[in-house]
Participant: 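Have a look at this one.
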Amino acid sequence: DAKSSWRGGYHFFSPAINALNKDRLLLGAALREAIAAETLNLVFQPQIEWETGGLYGVEALARWSHPEYGPIAPDRFIPVAEQIGAIEALGAWALRTASAQLAQWRRDGHVIPAMSVNISAQHFRDAGFAQLVADVLAENALKPADLTIEITESLMLEETATVVGNIEALAEMGVTLSMDDFGTGYSSLSLIARLPVKELKVDRAFIDRLESDASAQAVATAVICIGQSLNMSVVAEGVETLGQRRFLEALGCHAQQGYFYSRPMAAADFEDWILNYSGGALRRRA
Ligand code: C2E
Ligand code: MG
Ligand code: MG
Ligand code: MG
């Protein structure tokens with residue numbers, strides 16, 4: 001029969017593909033539920049300013065623990081959220097939760113200059129996105145400059161009216177726009193010069209190889225120079241070693257983020273961290 005004449009392909013590929021599709025469906029359904037029930041979490045990673053050693057900002061990163069499978073990495077569940085049309089709900093939740101957390105920490109007397117939230121390119125295709133950001137800021141009595149929105153380069157290529165409208169509305173409002181993972185994908189110099197982006201994040205891949213690879217050094221150096229020439233802040237991500245830190249300091253890289261300083265932490269752990277951090281002028285206000 002047809003099945004046995006195609007045995008190798010059938011038996012090898014089909015069950016795997018079915019399992020994958022089933023897995024995606026199950027994962028998607030569970031994720032949709034988790035977003036609706038707000039059972040996702042945010043963790044927070046400090047960003048350290050080069051000149052002062054103080055806190056430059058904090059990046060909020062989503063975490064999800066599946067009831068059966070346990071923790072699932074964002075690199076896995078963010079694409080699923082995009083595919084099932086749930087990324088807008090996830091983005092709105094992340095914006096609200098991170099903003100409320102920043103407002104709470106400020107009320108508690110912690111000095112935190114800004115909160116960074118990752119927003120999917122897809123969310124910028126939603127004509128109401130800039131208004132959502134304005135509403136969330138107002139709900140939490142925050143100023144636009146308190147919020148940084150990290151976007152990936154792929155979005156920058158897509159210069160449709162809605163996407164550009166959202167980018168310009170946010171910039172006019174005074175929200176900081178940051179280009180995440182810069183140096184990978186389709187980095188376009190003309191685009192970063194044209195769009196109102198105030199911050200560049202040097203991709204972890206270049207930082208990772210700083211001490212071993214001359215070409216990674218050259219790219220990191222060039223990206224930092226480009227940012228500085230365009231009056232942008234440059235944040236290096238994935239700083240893990242003292243050698244990497246020193247290299248970036250020598251280049252005058254504005255801020256650093258990575259395991260060398262701290263892993264992303266649950267809110268309560270971040271509070272302990274900030275109270276104990278003595279790298280700069282981090283003091284409780286009261
Ligand atoms: P990203 O925005 O580039 O975030 C940096 C990633 O590097 C995070 O991974 C962080 O935990 C990790 N990282 C930070 N320092 C180090 C280090 O020193 N060494 C190493 N090896 N890794 C470090 P994470 O949390 O797994 O997030 C992965 C990606 O998922 C993020 O990359 C971002 O693109 C996306 N993501 C995370 N949370 C959200 C969210 O709330 N919304 C959206 N749309 N995307 C998110
Ligand atoms: Mg990011
Ligand atoms: Mg990044
Ligand atoms: Mg990334």
Side-chain angles (χ1 to χ4, degrees), residues 31 34-35 38-48 56-65 71-101 114-126 129 132-133 136 147-156 176-185 187 197 199-211 220 223 227 233-245 247-248 255-266 269-270 273:
L31 181 58
I35 294 168
E38 303 199 15
T39 53
L40 277 74
N41 281 305
L42 287 179
V43 290
F44 302 92
Q45 190 177 34
Q47 302 169 321
I48 307 300
Y56 165 86
V58 180
E59 181 175 8
L61 295 153
R63 292 290 177 268
W64 179 39
S65 188
I72 297 178
D75 285 331
R76 182 131 183 258
F77 72 78
I78 296 293
V80 173
E82 287 171 343
Q83 278 160 19
I84 65 172
I87 196 66
E88 291 81 3
L90 190 152
W93 165 82
L95 276 169
R96 286 213 155 82
T97 308
S99 298
Q101 184 63 79
M115 176 70 75
S116 293
V117 179
N118 293 282
I119 292 295
S120 163
Q122 210 165 301
H123 210 157
F124 278 77
R125 299 190 190 121
D126 176 345
F129 179 64
L132 167 73
V133 172
V136 170
L147 182 68
T148 299
I149 291 186
E150 297 192 6
I151 47 190
T152 46
E153 290 172 46
S154 59
L155 169 68
M156 297 304 195
T176 306
L177 293 171
S178 172
M179 195 182 289
D180 207 350
D181 304 340
F182 190 72
T184 62
S187 301
V197 174
E199 181 184 279
L200 288 186
K201 296 192 79 175
V202 187
D203 194 76
R204 176 149 61 85
F206 303 111
I207 309 304
D208 207 37
R209 291 181 281 127
L210 263 188
E211 290 165 294
V223 168
S233 298
V234 181
V235 180
E237 57 180 24
V239 178
E240 292 184 357
T241 69
L242 183 62
Q244 291 164 354
R245 171 188 172 161
F247 189 95
L248 293 161
Q256 300 186 21
Q257 176 181 354
Y259 296 170
F260 179 80
Y261 298 96
S262 171
R263 289 186 174 253
M265 295 169 279
D269 296 325
F270 183 84
W273 179 88

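Counting convention: from 1, in listed order, for ligands and their atoms alike.
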Participant: Under 3.5 Å, is there a donor on one side chain and an acceptor on the other for Gln47 and Glu59?
Facilitator: no
Participant: Looking only at N, O or S atoms, find the one in Glu150 nearest to the Mg ion (ligand 2) and name it.
Facilitator: OE1
Participant: Closer than 4.0 Å to some heavy atom of Glu59 - which atoms of ligand 1 meet that?
Facilitator: 2 (O), 4 (O)
Participant: Enumerate the atoms of ligand 1 whose separation from the nearest heavy atom of Gly258 is less than 4.0 angstrom.
Facilitator: 15 (N), 18 (O)
Participant: Strictly by modelled atom types, are Glu199 and Thr148 linked by a side-chain donor-acceptor pair under 3.5 Å?
Facilitator: no
Participant: Counting only heavy atoms, which portion of Thr152 has something under 4.0 Å from ligand 1: side chain, backbone, both, or neither?
Facilitator: neither
Participant: Any N or O on Ala62 sitting closer than 3.5 Å to an N or O of ligand 1?
Facilitator: yes
Participant: Does a donor on one side chain and an acceptor on the other come within less than 3.5 Å for Ser120 and Glu82?
Facilitator: yes
Participant: Could you measure the distance from the CZ atom of Phe260 to the OG1 atom of Thr241? Nearest 0.5 Å is fine.
Facilitator: 7.5 Å
Participant: State the atoms of ligand 1, each with its element, that fall below the 4.0 Å cut-off from a heavy-atom position in Glu240.
Facilitator: 17 (C), 18 (O), 19 (N), 20 (C), 21 (N)
Participant: Is Glu237 close enough to the Mg ion (ligand 2) that one of its N, O or S atoms comes in under 2.8 Å?
Facilitator: no
Participant: How would you list, by chain and number, every residue that makes a salt bridge (Lys or Arg N to Asp or Glu O under 4.0 Å) with Glu88, sequence neighbours excluded?
Facilitator: none
Participant: Tell me which N, O or S atom from Glu59 is the closest to the Mg ion (ligand 2).
Facilitator: OE2
Participant: State, with a plain yes or no, whether a side-chain heavy atom of Gln101 is found less than 4.5 Å away from one of Phe44.
Facilitator: yes
Participant: Determine whether Phe129 and Ile149 make a side-chain contact, defined as any pair of heavy atoms from C-beta on separated by less than 4.5 Å.
Facilitator: yes
Participant: Could you give the distance from CE (Met115) to OG1 (Thr97), rounded to the nearest 0.5 Å?
Facilitator: 10.0 Å
Participant: Looking at side-chain heavy atoms only, is the closest gap between Phe77 and Leu40 below 4.5 Å?
Facilitator: yes
Participant: Could you tell me whether the side chain of Asn118 reaches within less than 4.5 Å of the side chain of Thr152, counting heavy atoms only?
Facilitator: no
Participant: Is the closest heavy atom of Pro264 to ligand 1 under 4.0 Å?
Facilitator: yes
Participant: Check whether any N, O or S atom of Asn118, backbone or side chain, sits closer than 2.8 Å to the Mg ion (ligand 2).
Facilitator: yes
Participant: Against ligand 1, does Gln257 come closer than 4.0 Å with any heavy atom?
Facilitator: no
Participant: Under 4.0 Å from a heavy atom of Asp180: which atoms of ligand 1 are those, numbered in the order shown and with their elements?
Facilitator: 1 (P), 2 (O), 3 (O)
Participant: May I ask you to identify, for Asn118, whether its side chain, its backbone, both or neither come under 4.0 Å of ligand 1 on a heavy-atom basis?
Facilitator: both
Participant: If we only count heavy atoms from C-beta on, is the Leu132 to Asp126 side-chain gap below 4.5 Å?
Facilitator: no
Participant: Check whether any side-chain heavy atom of Glu237 sits under 4.5 Å from a side-chain heavy atom of Asp181, and report yes or no.
Facilitator: yes
Participant: For Asp181, what is the atom name of its N, O or S atom nearest to the Mg ion (ligand 3)?
Facilitator: OD1
Participant: Pick one of side chain, backbone, both or neither for how Asp181 approaches ligand 1, counting any non-hydrogen atom pair under 4.0 Å.
Facilitator: side chain
Participant: Number the atoms of ligand 1 from 1 as they appear, then name those within less than 4.0 Å of a heavy atom of Glu237, with their elements.
Facilitator: 3 (O)
Participant: Relative to ligand 1, is Lys201 under 4.0 angstrom through side chain, backbone, both or neither, heavy atoms considered?
Facilitator: neither
Participant: Hey, does Arg63 sit under 4.0 Å from ligand 1 if you only count heavy atoms?
Facilitator: yes
Participant: Restricting to N/O/S, name the atom of Asp180 that gets closest to the Mg ion (ligand 2).
Facilitator: OD2
Participant: Judged by non-hydrogen atoms, does Ala73 sit under 4.0 Å from ligand 1?
Facilitator: no
Participant: Pick whichever of Gly91, Ala81, Pro74 has a heavy atom sitting closest to atom 30 (O) of ligand 1.
Facilitator: Pro74
Participant: Which ligand 1 atoms are under 4.0 Å away from a heavy-atom of Gln45?
Facilitator: 14 (C), 15 (N)
Participant: Can you tell if the side chain of Phe182 reaches within under 4.5 Å of the side chain of Asp203, non-hydrogen atoms only?
Facilitator: no
